[in-house]
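Only this structure's heavy atoms are used, side chains among them; waters, hydrogens and symmetry mates stay out. In the text below, chain A, chain B and the rest are named by the order of the sequence lines, each starting its count at 1.
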Amino acid sequence: MPRNPYADPILAWYATNARDLPWRRPDASPWGVLVSEIMLQQTPVVRVLPIWEEWMTRWPTPAALAAEPPGEAVRHWGRLGYPRRALRLHAAARAIVERHGGEVPAEYADLRALPGIGDYTAAAVASFAYGRRHAVLDTNVRRVLARAATGAEYPPNSLTVAERKLAESLVPLDPAVAPKWAVAVMELGALVCTARSPRCADCPISARCAWRLAGRPPHDGPARRGQRYAGTDRQCRGRLLAVLREAAGPVPKSALDEVWADAVQRERALDGLVADGLVEPLPDGAYALPGHTVADASTG
DNA sequence: TAGCCGTGGCG
DNA sequence: TCGCCAAGGCT
């Protein structure tokens, strides 16, 4: 039995089925790869594409972003969601300038030490941008391995030691092949071995997929907890931050009061945004995105 | 470690 | 319609 019985068919499938994504092109910089990975966290590719293009034009290097106030990163994050990612990406850019001379580091440990970069993103950037050998374990890969190797429809709720050991055992030994395997198995999960309705007829490893061979038994464990959204603090935070994103400068508190009726929840959410550094209260009682430049009010 | 953190499209 | 889901990280 080869080290990884799935590698050859998945690599062959990837060669003809991979999407042409800008951060995968040869001219993509490590910075472009890093930005894409942060934006893609919990966010579909189609929504990331235009924002990524805008960021690459506006801030082609970590130094370019680092030179801006953090609020500009939040503003140009738009409606991608989870805006703390924008704040952390800005902080990562400044750390890259200060600690790494403005170059995105290639070492996993250095990447992992940057704000907003966890185990997955550090491995992904090291692998995709620098060709390093790493087990790149995202939700797609976990699902593919759960089905193919374990015979379960879905992976466990949280990453287990067994999953990590399995993934690491499958990383090709050839350093030139390892990063190709990482991106290929991820792509298979994104396009074919999907969560809702997997397209087993189009899968290059269906003949050796334990889950399919078992008749695709449904998930039997505890149901995954669905997360409500309407009426939550998260929705309230989103409303408040949208007001600040769309305003050219500081806004009076009344502008925030207008977008959420429940005053108790509104204050709690606003306090949370301030605590997170996403919103800055000003001495005059107004609110702004963090680090905004005070406009010159002496003209006119 | 389980809960929190946005947003929008799809089955 | 509405719950589920999308290249996670942090505490």
Under 3.5 Å donor-acceptor, A:T43 side chain and A:L40 backbone = no
Nucleotides 9-11 of chain C: which of its N/O atoms have a protein N/O under 3.5 Å away?
residue: C:dG9; atom: OP1; partner: A:G118; partner atom: N; Å: 2.9
residue: C:dG9; atom: OP1; partner: A:T121; partner atom: N; Å: 3.0
residue: C:dG9; atom: OP1; partner: A:T121; partner atom: OG1; Å: 2.6
residue: C:dG9; atom: OP2; partner: A:Y120; partner atom: N; Å: 3.3
residue: C:dC10; atom: OP1; partner: A:G116; partner atom: N; Å: 3.0

Using a heavy-atom cut-off of under 4.0 Å over every strand shown, decide if A:A124 touches base, sugar-phosphate, or nothing.
-> nothing
Could you pull out all residues at least two apart from A:Y130 that satisfy ring pair (Phe, Tyr, Trp, His ring centres under 6.0 Å)?
-> none
Charged N-O contact under 4.0 Å between A:E68 and A:R58 = no
Atom P, compared across B:dG6 and C:dT11: separation rounded to whole Å = 14 Å
Does any N or O in the side chain of A:R85 come within less than 3.5 Å of the main-chain N or O of A:M39, such that one atom is a donor and the other an acceptor?
-> yes
Between A:R196 and A:R85, who's closer to the 5' end of DNA chain C by nearest nucleotide?
-> A:R196
Mind checking the P distance from C:dA7 to B:dA2? Whole angstroms is fine.
-> 22 Å
Taking only residues at least two apart or on different chains, which pairs with a member in residues 30-39 of chain A satisfy side-chain hydrogen bond (donor to acceptor under 3.5 Å, both in side chains)?
-> A:E37-A:Y120
Whole-Å distance between C:dA7 P and A:L191 CG?
-> 10 Å
Output yes when at least one side-chain N/O atom of A:Q42 is less than 4.0 Å from OP1 or OP2 of C:dG8, else no.
-> yes
By side-chain hydrogen bond (donor to acceptor under 3.5 Å, both in side chains), which residues pair with A:R143, not counting sequence neighbours?
-> A:N140
Within 6.0 angstrom of A:E103 CD, more than 12 heavy atoms from elsewhere | no
Length of the line joining A:L159:CG and C:dG8:P, which is rounded to integer Å | 12 Å
Scan A:L137 against the nucleic acid and name what it touches under 4.0 Å (heavy atoms): base, sugar-phosphate only, or nothing.
-> nothing
Could you tell me the separation between the CG atom of A:L87 and the C1' atom of C:dG8, rounded to a whole number of Å?
-> 16 Å
Across the strands shown, which category fits A:R143 at heavy-atom distances under 4.0 angstrom: base, sugar-phosphate, nothing?
-> sugar-phosphate
Using atom CZ of A:R234 as one end and atom C1' of C:dC5 as the other, report the distance to the nearest whole Å.
-> 13 Å
Name the nucleic acid region contacted by A:I38, choosing base, sugar-phosphate or nothing; use a 4.0 angstrom heavy-atom cut-off, strictly under.
-> nothing
Taking atom types as modelled, is there a side-chain donor on A:Y82 or A:R234 under 3.5 Å from an acceptor on the other?
-> yes
Verify whether one side chain among A:E187 and A:N17 offers a donor that lies under 3.5 Å from an acceptor in the other.
-> no
Between B:dC4 atom C1' and A:D233 atom CG, what is the distance in whole Å?
-> 10 Å
OH of A:Y14 versus C1' of C:dA7: gap in Å, rounded?
-> 12 Å
Taken to the nearest whole Å, CD/A:Q235 to C1'/C:dC2 is 14 Å
Please collect all ring-ring contact (aromatic ring centres under 6.0 Å, His included) contacts where either partner lies in residues 159-214 of chain A, sequence neighbours excluded, each pair once.
-> none
Distance, rounded to the nearest Å, where A:L80 contributes CG and C:dG8 contributes P = 14 Å
Considering only heavy atoms, which members of residues 43-50 of chain A lie under 4.0 Å from some atom of DNA chain B?
-> A:T43, A:R47
Expressed as a whole number of Å, how far does the P atom of C:dC4 sit from that of B:dG3?
-> 15 Å
Would you classify A:W23 as touching base, sugar-phosphate or nothing, given that sugar-phosphate means primed atoms plus P, OP1 and OP2, and contacts are heavy atoms under 4.0 Å?
-> base
